[in-house]
Amino acid sequence: MPVTSANPLDRRRWMAVLARATASELATSAEGRLPVFTRLRGPEIGLVMLRGRAGGTGPAFNLGEATVARCTVRTAEGWVGHAYCLGRDLRQAELAAALDAALQDPARQSELDVAVVQPLALAQAARRDTLARRAAATKVQFFTLATMRS
Amino acid sequence: MAYVAVKGGERAIDAAHAWLAAERRGDPAVPALTTAQIAEQLGRAVDRVMAEGSLYDRELAALAIQQAQGDLIEAAFLLRAYRTTLPRFAYGRPVDTAAMLAIRRVSAIFKDLPGGQVLGPTYDYTHRLLDFALPDAPAAPAEVDAEPQPLAPAFGILGQEGLVEPDEAKSDDAPGDLTRDPLAFPAARDVRLQALARGDEGFLLALGYLTQRGYGNNHPFVGELRVGEASVEIEPPELGFAIDIGDVVLTECQMVNQFTGSRTAPPQFTRGYGLCFGHSERRVMGMALVDRAMRGAELGEPAEAPAQDVEFVLSHCDNVEATGFVEHLKLPHYVDFQSELETVRRMRADAEGTSK
């Protein structure tokens, strides 16, 4: 049975993308491409205790909790997929776990990367870019007195 | 305190709660609110409930606000109660606020800090005039072509000169946890920050204001205030490496305070820190002022004001605890009161007996 063939860095990248996608986005982009799988754990809802650092860079402190949905599945081929997604969307967590399993399969990785992960990553990057540009438009332009006199 | 259970009253309670549900819904001719409308359009209320309920979940906070008819302390109470029903799967790695996607970042002390002053969506500089045209306001600002720049934290400049105290050494040691261990004194800064992050905003505001007005003297400046999205990472044991599980909106405040020095520390700027769920500048500013005030003992300052008294602050900043203890006074105390009544009657009889 395969354990994992994915580079942890690649896997971290797609897991981060899947965790930010809605269940309907995952269902739409993965339609017809989902592996046959069985649930090993969940999907289920729990908590993550979030932490900050005193002063921003000092010792850790507990900030408060967030809800999280998680799921673990195994595909018919034996790939085990995990998902942890902030929020309480069980369907999202299950789809993300199934995709995490299938993405580790070298036979399916590139197809799923092109069809699912890359488009979602692009949409997420575009959203972040829009926010950053909107923020940049509120940047204050200061003028010194000398400039205003000239 | 003796408390004797009261039996009976079920029918009255059922009728009262049925009326409450109808009152909550209001006039059926007016369309019902959806939790999505609350989450989207009452965002600052949702943020406050997430912070004081100590649970980041916008949809649940919106539901709690609806269920509590907009009573935000009651809503925070509902979230606190809900969280006790869930298992804790993991602990997040400490969030890297310097790397957040900032939608707002201002400094009141550095005009020309790298990346500039970014106002973001702010009530600052609004005229506080009621806007009768609000229902027709535009949904989103026009797309803009401003080039984003990285917004590095503001403290490099003074820090290099050693004029601002540095943070304590970075450490990932498991911090104290109020949700698992009861509050004990003296409380370390990790527990103090956890308590303040979920403390009552009005209490933090009032205590912060007190420090400005001379009760626990300090002279604060906002070194940096930032709002944005930070990614959350956990390291599940079944994976053995850290994964990114999504973003949360946080507000952070770095307050700097002039400090004349003590036997153990040279004159410098000291700092107070605030961090909370959602967008809430008043909360993090109050938190940072009170955090700094509570550091008095370590900086050799006399503890003379309420904000400097760790036990006073931490024992009273939690509005869920406070409302529980104050509001329980409404519940039947018939037996308690009966015994007090008899005591007062006896004292009076004794007093009348001796005066004759």
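Throughout, protein chains are lettered first and strands after them, A, B, ... in sequence-line order, and every chain is numbered starting at 1.
- Salt bridge A:Arg127/B:Glu229: present, at least one basic N to carboxylate O contact under 4.0 Å.
- For B:Thr122, no part sits under 4.5 Å from any heavy atom of chain A, backbone or side chain.
- Contact of B:Glu238 with chain A is made through backbone and side chain together, with heavy-atom distances under 4.5 Å.
- Heavy-atom pairs under 4.5 Å with chain B were tallied for A:Ala132, A:Ala19, A:Gly46; the largest tally goes to A:Gly46.
- Note on B:Glu233 versus A:Arg51: no salt bridge recorded, every NZ/NE/NH1/NH2 to OD/OE distance being 4.0 Å or above.
- A distance-only check finds no donor-acceptor pair linking the side chain of B:Asp177 to the backbone of A:Asn62 [under 3.5 Å].
- Contact of B:Leu250 with chain A is made through the side chain alone, with heavy-atom distances under 4.5 Å.
- By number of non-hydrogen pairs under 4.5 angstrom with chain B, the leading residue of A:Val68, A:Ile45, A:Leu47 is A:Leu47.
- If you measure heavy-atom distances from B:Cys253 to chain A, you find no contacts under 4.5 Å at all.
- The parts of B:Asp247 that come within reach of chain A are both its backbone and its side chain, each placing non-hydrogen atoms under 4.5 angstrom from that chain.
- Within 6.0 Å of CZ on A:Arg91 lie no more than 12 heavy atoms contributed by other residues, nucleotides or ligands.
- Under the 3.5 Å distance criterion, the side-chain polar atoms of A:Arg53 are matched with a main-chain donor or acceptor of B:Ser171.
- Relative to the ring axis of A:Phe61, B:Arg189 does not place its NZ or CZ within 45° and under 6.0 Å from the centre.
- Taken to the nearest 0.5 Å, the NZ atom of A:Lys139 stands 11.0 Å off from the CD atom of B:Glu147.
- In this structure, chain A has no heavy atom under 4.5 Å from any part of B:Arg192.
- Using a 4.5 Å cut-off between heavy atoms, B:Arg88 touches chain A through backbone and side chain atoms alike.
- Both the backbone and the side chain of B:Tyr56 come within contact range of chain A, with heavy atoms under 4.5 Å apart.
- Note that CD of B:Glu59 is 8.0 Å distant from CG of A:Asp89, once rounded to the nearest 0.5 Å.
- Of the atoms belonging to B:Ile234, it is side-chain heavy atoms, and not backbone ones, that fall under 4.5 Å from chain A.
- The parts of B:Val95 that come within reach of chain A are both its backbone and its side chain, each placing non-hydrogen atoms under 4.5 angstrom from that chain.
- Paired with A:Met15 under the rule side-chain contact (heavy atoms from CB on, under 4.5 Å), one option of B:Asp244, B:Ile245, B:Leu239 passes, and it is B:Leu239.
- Looking at A:Arg20, only its side chain comes within 4.5 Å of chain B, counting heavy atoms on both sides.
- For the pair B:Gln254 (side chain) and A:Gly55 (backbone), a donor-acceptor distance under 3.5 Å is present.
- The structure places CD of A:Glu65 at 8.0 Å from CZ of B:Phe277, a figure rounded to the nearest 0.5 Å.
- If you measure heavy-atom distances from B:Ala98 to chain A, you find no contacts under 4.5 Å at all.
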